[in-house]
Amino acid sequence: MNENLFASFTTPTMTGLPIVILIIMFPSILFPSSNRLINNRLISIQQWLVQLTSKQMMTIHNNKGQTWTLMLMSLILFIGSTNLLGLLPHSFTPTTQLSMNLGMAIPLWAGTVFMGFRHKTKAALAHFLPQGTPIFLIPMLVIIETISLFIQPMALAVRLTANITAGHLLIHLIGGATLALMDISPSTALITFIILILLTILEFAVAMIQAYVFTLLVSLYLHDNT
Amino acid sequence: MDVKIGELPSWKVMWDFTPKGIVGAFQRGYCCYYDKYEQVCQCEERGRCWGFYGAYVLFNYCLSCKELKCERPHKHHQGETSVDGAL
């Protein structure tokens, strides 16, 4: 039972070759680019969404922070599209892999921290000690702030992994329960089916929210360091 | 643009044989092809999207076929059925 529950999270292979790279690259097909002045509906909607998101996210930044706009917009589009594609039946979701999320979180967080230390060294070091701290608490608080700084990328990655994995597991469990109850008690199966529908709607929302939260937190770390 | 057979030589001389002209000719040809065959109606764009999703689901189903076989109910003995590995 345990093996079947987590079978959908194993990296997919085809004739022994890993095809996870193809699956990671697949969402890029869904964002066509166009060199026309007036585009078709799909591209116009996508461009409008990207402009809306970039305005909402990058307004708080100064000139230095706004150089990260392309990076952050690519990030939110990638995580959002990957999460949403993972809700299709039988599909593999790359963002359920902690390795991938750490691979995104650590370089982005490190980039913001190094940028802060390079351009605003005093302000970056000042983050390790909040203003108004009693003198006898200073050593302990510096240690706590250092730990909280290094936990940031771990929290970013684990938050995304746990949310997406938990949602997929719940869908798998409730779907299996609905299937098993269909022969035993159709009325109970109907209730579990309604719960499954509501859960799927929730998972669509979680997929988009988690992409937004990941990108927003990276944006906030950038704002603190620029 | 209608060209009569007798006017072909003079029409051919009118072509722009500079590199810019040749590139422009290919671009115009591709745009004519795109406008005539690819961008016929808006609904074709939506159909293409659903085709992608369907192909993606089918592709993933084929990959996970083996694991799914274990979850199917099958008969052990005559008259008895069991669900092996469900949940």
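Throughout, a chain's letter reflects where its sequence line sits, starting with A, and its residues are numbered from 1.
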Within a reach of under 6.0 Å around [atom1] of [X], are more than 12 heavy atoms found that belong to other residues, nucleotides or ligands?
{"X": "A:I184", "atom1": "CD1", "value": "yes"}
{"X": "A:F193", "atom1": "CZ", "value": "no"}
{"X": "A:F117", "atom1": "CZ", "value": "yes"}
{"X": "A:N62", "atom1": "CG", "value": "yes"}

**Asked** Hey, what do you get for CG (B:L63) to CD1 (A:I19), rounding to the nearest 0.5 Å?
**Response**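 The distance works out to 4.0 Å.
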**Request:** Supply the atom-to-atom distance A:H90 NE2 to B:L58 CG, rounded to the nearest 0.5 angstrom.
**Result:**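 The CG atom of B:L58 is 9.5 Å from NE2 of A:H90, to the nearest 0.5 Å.
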**Message:** Any non-hydrogen side-chain atom of A:L85 less than 4.5 Å from a side-chain atom of B:Y53?
**Reply:**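 Yes; the side chains approach each other to less than 4.5 Å.
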**A:L30 vs B:Y56 side-chain heavy atoms within contact, under 4.5 Å** =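 A:L30 vs B:Y56: side chains apart.
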